[in-house]
Amino acid sequence: MNKTLLASVLLSALFSSTTFAAEELSTENSAYTPSEPLVLEPVVAIPENGLSPIEDEVPKFDDTMHYFVGLTGGMADLSLDVNVGSDKLQSPDASGLFGADIGFYTAGGKGRIYYSYQKMSGESDHNDKKAIDTDVSLHLISADYIFRADKTINPFIGAHVGYMIADSKGDGYGSYKQSGELLGVQAGVAWRMSDHFTAEMGARHSATQSKEQEAWSGSNTKSELNSITSFYMSANYRF
């Protein structure tokens, strides 16, 4: 009787263990089935500044003002009217220009204010011969608004005021010096290569405030410089 009871207890315990193991296996199988695809998610390390590696490579302006200096070169077209008696001389051909800039970017890089010095020259012909040389110096104060300041490529537009000095002379024609105020506009696009270096190209148009031709000394020549249009490239260094 005792042997029969003991055997019954052992069989009952063995049956209970087998049932529990089968239930656990069934639960694990139900948690993952082959019909559900296994997707591996890439692990991306986020820098301490919260920017992705690509975003972190873009040069950015901070919230402080920064000074800059630059060198400029390009071509200039002088709208110069010169009359010798009843004859009108040809307007000078496009000439080279060079100059320098110094100024500052506003906080965030959305604007800048700067002083520019530019030097250029042109030749006027009379009867298909070189007649008059004109040297022009510009002193400009410009202000630009910069689009897409948080990007590498930045279009900009702006305006300027300044002062112009033009010195004209020619053998047999005398000489003349014209000076006065300038007003104008400029536009272009800049490429920020790094936090410090920027290259840009643009166009600038300046109109003089002269209203009439002035007589030269020692001859019957008269002239008037009406406007200056230039196309330029610049390289800037930002502090």
Side-chain angles (χ1 to χ4, degrees), residues 68-103 114-144 156 158-190 199-237:
F68 76 94
V69 294
L71 296 176
T72 299
M75 300 294 293
D77 182 26
L78 306 178
S79 177
L80 176 65
D81 292 334
V82 181
N83 291 329
V84 181
S86 59
D87 294 337
K88 183 175 182 179
L89 276 65
Q90 297 179 8
S91 189
D93 296 331
S95 61
L97 72 86
F98 67 90
D101 306 317
I102 183 170
Y114 53 102
Y115 162 79
S116 300
Y117 170 78
Q118 294 185 358
K119 180 78 172 180
M120 61 202 71
S121 61
E123 297 179 356
S124 299
D125 294 338
H126 188 212
N127 295 328
D128 297 326
K129 294 182 180 180
K130 175 183 173 182
I132 295 173
D133 290 321
T134 301
D135 295 324
V136 180
S137 298
L138 303 181
H139 301 271
L140 307 175
I141 299 295
S142 303
D144 292 337
F156 64 87
H160 61 269
V161 298
Y163 194 78
M164 173 272 300
I165 301 174
D167 188 5
S168 300
K169 58 185 177 181
D171 293 338
Y173 297 94
S175 62
Y176 177 72
K177 181 174 290 187
Q178 177 184 345
S179 60
E181 296 79 12
L182 291 172
L183 295 175
V185 294
Q186 67 270 354
V189 60
E200 67 181 67
M201 60 186 302
R204 177 181 286 111
H205 181 76
S206 306
T208 67
Q209 302 305 298
S210 176
K211 301 300 182 183
E212 60 183 14
Q213 291 190 340
E214 298 290 341
W216 289 28
S217 61
S219 72
N220 61 346
T221 304
K222 294 183 178 181
S223 69
E224 179 187 6
L225 179 59
N226 298 305
S227 63
I228 302 167
T229 302
S230 60
F231 301 92
Y232 67 90
M233 297 184 68
S234 297
N236 301 325
Y237 180 80

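Only a predicted model underlies this, so the values are computations on that prediction, with no experimental measurement involved.
Without hydrogens or angle criteria, Ser95 side chain to Ser121 main chain gives a donor-acceptor distance under 3.5 Å. Of the possible polar contacts, one joining the Gln178 side chain to the Leu225 backbone as a donor-acceptor pair under 3.5 Å is found. Side-chain atoms of Ser179 never come within 3.5 Å of backbone atoms of Met164 as a donor-acceptor pair (strictly under, hydrogens ignored).
Applying the side chain to side chain contact (heavy atoms under 4.5 Å, CB included) test to Gln186 and every residue at least two apart in sequence or in another chain returns Tyr114, Ser142, Asp144, His160, Arg204. For Val189, the side chain to side chain contact (heavy atoms under 4.5 Å, CB included) partners at least two apart in sequence or on another chain are Ile153, Met201. Among residues two or more places apart in sequence or in another chain, the side chain to side chain donor-acceptor pair (under 3.5 Å) test is passed with Asp167 by none.
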CA sep, side-chain torsions, deciding dist, call: Val82, Leu80, side chain to side chain contact (heavy atoms under 4.5 Å, CB included): CA-CA 6 Å; Val82 181; Leu80 176 65; 3.7 Å; yes
Where do Glu200 and Phe156 land on the side chain to side chain contact (heavy atoms under 4.5 Å, CB included) test, with the steps shown first? CA-CA 10 Å; Glu200 67 181 67; Phe156 64 87; 3.5 Å; yes
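Taking every heavy atom of both residues into account, Thr134 and Ala166 meet most closely at CG2-CB, 4.5 Å. Closest non-hydrogen pair, Ser223 versus Trp216, comes out as OG-NE1, 2.8 Å. Of all non-hydrogen atoms in Lys130 and Asp125, the two that sit nearest each other are CA-OD1, 3.4 Å.
At most 12 heavy atoms of other shown residues, nucleotides or ligands fall within 6.0 angstrom of atom NZ in Lys177.
Of the inter-residue distances, the one linking Ser137 atom OG with Leu97 atom CG reads 11.5 Å to the nearest 0.5 angstrom. Expressed to the nearest 0.5 Å, how far OG of Ser124 lies from CG of Asp133 amounts to 8.5 Å. Interatomic distance, OG1 of Thr72 versus CE of Met233, reported as 10.5 Å (0.5 Å rounding). For the atom pair CD1 of Ile165 and NE2 of His139, the computed distance is 5.0 Å after rounding to the nearest 0.5 Å. We find the CD1-CD distance between Ile132 and Glu123 to be 11.0 Å, quoted to the nearest 0.5 Å. Expressed to the nearest 0.5 Å, how far CZ of Phe231 lies from CG of Asp77 amounts to 8.0 Å.
Between the side chains of Asn236 and Asp101, no donor N or O sits under 3.5 Å from an acceptor N or O.
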